[in-house]
Amino acid sequence: MILLWSESPVILGLDENSINFSVDYFVSIKTKYVCLLTCGNRNWNREFAKRISTHNIAVSTAYLSNRQKLDFNLIKLCLKQTSLPIGVFINPHCSAFEDVMYYASQNSLLDRNHKWLINEHNKVLHKDLSVMFDEKYVYFEDNNTKTGADNVSDVKTIVDVLNNLNLSVDADITVSIKRDSWRYNLYEFFNFGKCRGGKFVIQNIGNWDVNKGLSLTKTFKYYRRWNFQKMTLRMIVSMNPVPKVFHPEMLLGRIPDPGVAVISQTGAQLLNEIAGIHNFRYTYTVVDRWVGDYNRNHSYAATNALYFREHDITPVLRFLPTHFSRYDVVFPTVTFIETRYYYRIPSYGIGKFENQFLRPLSTATWWCVVAVGALCGIVLMLSAIVEKRPITIDFALFSVLALICQQFFEEFEDIKRISSARKLTILVTGLSCLLIYNYYTSSVVSWLLNGPPPSINSLWELLDSPLQPVFQDTGYSYSWLQLPDYYYNKKNAKAEEVLKKRILNMKKKGNSIIIPVNEGIDLVRKGGYVYHTDVNSANSRISQTFTQKELCDLDSLNSMEKNLLYPCVQKRSPYREFFIWSLSRLMERGIIRCIQQRTWSHGVKCEGSSPRALALGGAAPAFILLAAGYILGTVIMLFERLKWKQEKSRLKRF
């Protein structure tokens with residue numbers, strides 16, 4: 001989109017060469033939209049639109065009469081940028097030039113998406129031009145400005161206006177200086193950061209003449225703006241606990257401060273590499289969490305500081321699409337985060353985390369056992385009825401039960417009347433029980449020998465376990481507890497909500513639930529605790545303290561899946577493209593990989609295998625059945641003794 005200001009083609013010198021130069025410039029920067037805002041004769045507009053439309057560039061026009069009737073709504077509509085950059089052509093001799101430039105500065109329109117061309121079409125001699133600024137590279141300072149000719153005053157006006165605007169390193173403002181009627185010199189104007197104390201810079205980027213056409217430098221814009229001249233950017237980082245006195249060495253040293261997460265160390269070191277290469281520095285602000293609630297009164301979170309434009313950059317943030325309207329992400333990635341729940345495998349108690357002694361056979365198999373036992377009992381009962389035995393149901397029930405227990409039950413009162421049917425039924429029942437017993441014991445043994453150690457397979461199982469949960473003292477733990485819509489893993493949102501409520505209840509009772517990583521891993525080592533932390537921090541501590549046996553007892557449950565982390569900046573930050581370009585260069589040269597290898601900790605695991613004995617809890621059902629059998633036998637014996645005494649006393653009376 002192009003913005004053009006003019007009074008009249010005669011007075012302002014908008015001649016044929018001006019049209020040719022303007023068309024060549026905007027075609028070369030590949031803009032697709034042209035907007036003409038004029039205040040003079042409209043013939044120039046029509047001729048410009050006619051020529052530039054042949055290059056498939058759309059043109060729109062809005063007429064402005066004078067400075068007093070300036071319609072900023074019309075300007076806002078014309079400068080609205082959607083998906084593609086907009087070209088802006090403005091003549092500094094228009095009476096509203098300064099007003100429009102200040103309006104653009106206040107509304108952040110002097111950015112990379114608005115490519116401004118300011119056309120100084122009065123002739124300026126080379127000796128007069130050198131008074132204002134050198135053609136190669138100059139820092140403009142008001143107190144050193146000297147004028148050598150009257151026609152330099154227009155250039156001075158342009159410089160004075162631009163020097164007072166809120167320019168930054170991504171500004172795309174080009175000023176064309178007319179050297180002769182047939183040639184122009186082109187200069188770019190920018191500031192490394194007006195609100196950050198940066199310097200105003202002017203440098204030559206090309207020229208245009210009638211015969212040779214347009215010649216622009218091919219050097220990438222940010223490569224031309226390499227040296228930031230010791231400008232200061234504001235970085236916000238998370239540490240727990242927040243130190244009373246902060247030193248950059250806490251974050252940038254080879255061995256970071258205990259409150260610094262490995263991910264923060266990696267990201268900060270990479271950003272520090274960029275600062276060293278491009279000659280700028282950081283001022284640091286330390287908070288205790290990464291993600292906040294975007295409340296203006298809360299300044300304890302990195303995302304809040306970016307959202308309210310109080311800081312320029314933070315070293316790492318998780319890729320959260322729901323937050324993209326609050327800040328911008330810088331590519332490529334600098335590190336990653338993965339969190340897990342670490343615990344020692346419990347080997348006590350009855351529960352779903354240990355071997356279930358009565359579970360080796362399927363449910364259908366157990367129903368078949370019950371059906372066969374019932375069938376055999378019915379056959380024995382019918383045979384006893386046919387034989388007219390005094391005891392029928394008791395005989396059938398206890399015979400089957402004795403065979404299942406690999407015992408023998410028989411009444412010896414009338415051995416002669418034992419039928420072949422009863423013998424066959426008892427034989428079949430005994431064989432069936434023997435086969436079931438063998439299958440059962442072999443299944444139990446094979447399961448115990450070949451099955452993996454009992455472990456927690458889901459967050460719901462973790463909630464049902466006797467383990468006490470504790471969390472790492474880090475920024476994302478505080479964000480997880482504070483924000484209702486913040487989850488480690490949205491797949492486990494419901495379980496995390498339940499766990500969060502339990503943790504908050506424990507906190508109200510005065511229990512310590514947020515502790516440093518060294519203390520948390522030590523609790524895991526003692527047993528009875530499950531500790532939530534990132535993999536890098538856990539591996540570093542585990543490798544220093546755990547023995548080989550303890551490593552074989554260690555297990556973990558995935559919480560936050562592996563997420564790439566990126567530096568993040570303010571929304572529409574002028575430094576975003578610069579950091580993207582600089583990080584891409586570091587990645588190509590292997591510096592990112594080098595720093596990652598230097599800061600990451602390597603995983604530890606159990607070497608070989610460690611045999612685990614079956615816990616008492618796993619065999620508890622068998623002992624429970626044995627105890628129940630003893631108790632039942634004792635009760636039956638007491639009833640029999642009582643019945644025998646009653647019958648004996650009755651016989652004595654007769």
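Numbering starts at 1 and runs along the sequence shown.
The neighbour count for Tyr307 OH, taken as heavy atoms of other residues, nucleotides or ligands under 6.0 Å away, does not exceed 12. Heavy atoms of other residues, nucleotides or ligands lying less than 6.0 angstrom from CG of Asn56 number 12 at most.
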What verdict does the side-chain contact (heavy atoms from CB on, under 4.5 Å) test give for Gln570 and Tyr327, after you've listed the backbone C-alpha separation in whole Å, the side-chain angles of each residue and the deciding distance to 0.1 Å? CA-CA 5 Å; Gln570 302 170 1; Tyr327 55 81; over 6 Å; no
Evaluate side-chain contact (heavy atoms from CB on, under 4.5 Å) for Phe200 paired with Val159, printing each intermediate quantity in order. CA-CA 10 Å; Phe200 185 59; Val159 175; 3.9 Å; yes
Would you sort out whether Leu481 and Tyr486 count as a side-chain contact (heavy atoms from CB on, under 4.5 Å), showing the intermediate values? CA-CA 8 Å; Leu481 289 172; Tyr486 183 88; over 6 Å; no
Should Tyr343 and Gln468 be marked as a side-chain hydrogen bond (donor to acceptor under 3.5 Å, both in side chains) after you check the CA-CA gap, both sets of side-chain angles, and the distance that decides it? CA-CA 10 Å; Tyr343 62 93; Gln468 180 177 337; over 6 Å; no
Worked verdict on Glu561 versus Lys491 for salt bridge (Lys or Arg N to Asp or Glu O under 4.0 Å): CA-CA 10 Å; Glu561 296 179 350; Lys491 298 177 182 178; 3.5 Å; yes
For Ile503 and Phe471, run side-chain contact (heavy atoms from CB on, under 4.5 Å): C-alpha distance rounded to whole Å, both residues' side-chain angles, the deciding distance at 0.1 Å, then the answer. CA-CA 9 Å; Ile503 292 296; Phe471 289 77; 3.5 Å; yes
Derivation of the side-chain hydrogen bond (donor to acceptor under 3.5 Å, both in side chains) call for Asp288 and Asn240: CA-CA 6 Å; Asp288 65 354; Asn240 298 96; 4.9 Å; no
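Aromatic ring centres of Tyr531 and Tyr529: separated by at least 6.0 Å. Residues Phe26 and His55 keep their aromatic ring centres 6.0 Å or farther apart. Note: Tyr478 and Trp290 fail the aromatic proximity criterion, with ring centroids not under 6.0 Å apart. Phe220 has its ring centre less than 6.0 Å from the ring centre of Trp581. For Phe319 and Phe324, the ring centers sit closer than 6.0 Å to each other.
Ion pairing between Arg340 and Glu338 holds under the 4.0 Å rule for side-chain N and carboxylate O. Between Arg225 and Asp170 there is no salt bridge, since no side-chain N of the basic residue sits under 4.0 Å from a carboxylate O of the acidic one. Lys221 has no carboxylate O lying under 4.0 Å from a charged side-chain N of Glu188, or vice versa, which leaves the two without a salt bridge. Salt-bridge annotation for Asp172 and Arg112: absent, with no side-chain N of the basic residue lying under 4.0 Å from a carboxylate O of the acidic one. Under the 4.0 Å criterion applied to side-chain N and carboxylate O atoms, Arg541 and Asp522 are assigned as salt-bridge partners. Salt bridge annotation for Arg572-Asp111: present, with a cationic side-chain nitrogen under 4.0 angstrom from a carboxylate oxygen.
Taking the six-membered ring where tryptophan is involved, the planes of Phe280 and Phe578 are perpendicular, since the angle between them exceeds 60° and thus also 30°. Using cut-offs of 30° and 60° for the angle between ring planes, the Phe228 and Tyr575 rings count as tilted. Using a 30° and 60° split on the angle between ring planes, Tyr488 and Tyr476 fall in the perpendicular class, above 60°.
Counting only heavy atoms from C-beta outward, the side chains of His311 and Met235 never approach each other to under 4.5 Å. Between Tyr566 and Val334, the closest side-chain pair of non-hydrogen atoms is not below 4.5 Å. You'll find the side chain of Ile456 reaches within 4.5 Å of the side chain of Ser465, heavy atoms only. Contact of the Trp116 side chain with the Leu162 side chain is not registered, since no non-hydrogen atoms from C-beta on lie closer than 4.5 Å. Side chains of Thr339 and Ile337 form a contact here, defined as non-hydrogen atoms less than 4.5 Å apart. Contact annotation: the side chain of Leu110 approaches that of Ser105 to within less than 4.5 Å [non-hydrogen atoms, C-beta and beyond]. When side chains are defined from C-beta on, Tyr223 counts as touching Arg585, because their heavy atoms get closer than 4.5 Å. At least one side-chain heavy atom of Ile173 sits under 4.5 Å from a side-chain heavy atom of Ile118.
With 3.5 Å as the limit, one finds a donor-acceptor pair spanning the side chains of Arg598 and Gln269. In this model, a donor atom of one side chain and an acceptor atom of the other lie less than 3.5 Å apart for Gln482 and Tyr300. Between the side chains of Ser559 and His532, at least one donor N or O sits under 3.5 Å from an acceptor N or O. If you check the side chains of His323 and Thr303, you find no donor sitting under 3.5 Å from an acceptor. Residues Thr266 and Thr599 bring a donor and an acceptor atom of their side chains to less than 3.5 Å of each other.
Counting only distance, with no hydrogens or angles, the side chain of Asn107 and the backbone of Tyr103 share a donor-acceptor pair below 3.5 Å. Listed for the Ser264 side chain is no donor-acceptor partner under 3.5 Å among the backbone atoms of Val260. Not a single donor-acceptor pair under 3.5 Å links the side chain of Trp600 to the backbone N or O of Ile595. A donor-acceptor pair under 3.5 Å links the side-chain atoms of Arg234 to the main chain of Glu310, judged by distance alone. Between the side chain of Thr474 and the backbone N or O of Ser477 there is no donor-acceptor pair closer than 3.5 Å. A donor-acceptor contact shorter than 3.5 Å is absent between the side chain of Thr232 and the backbone of Arg281. Using a distance-only test at 3.5 Å, with no hydrogens or angles considered, no donor-acceptor pair links the side chain of Gln597 to the main chain of Arg593. The closest donor-acceptor contact from the side chain of Ser28 to the backbone of Tyr25 lies under 3.5 Å. Between the Lys500 side chain and the Trp480 main chain, a donor and an acceptor come within less than 3.5 Å of each other. Checked by atom type and distance alone, the side chain of Arg318 never pairs as donor or acceptor with a backbone atom of Phe336 at under 3.5 Å.
Taking OG of Ser573 as the reference point, atom CG of Asp328 lies at 7.5 Å (rounded to 0.5 Å). The OG1 atom of Thr217 sits 8.0 Å away from atom CD1 of Ile205, with the distance rounded to the nearest 0.5 Å. Between Lys199 atom NZ and Asn163 atom CG the span is 12.5 Å, to the nearest 0.5 Å.
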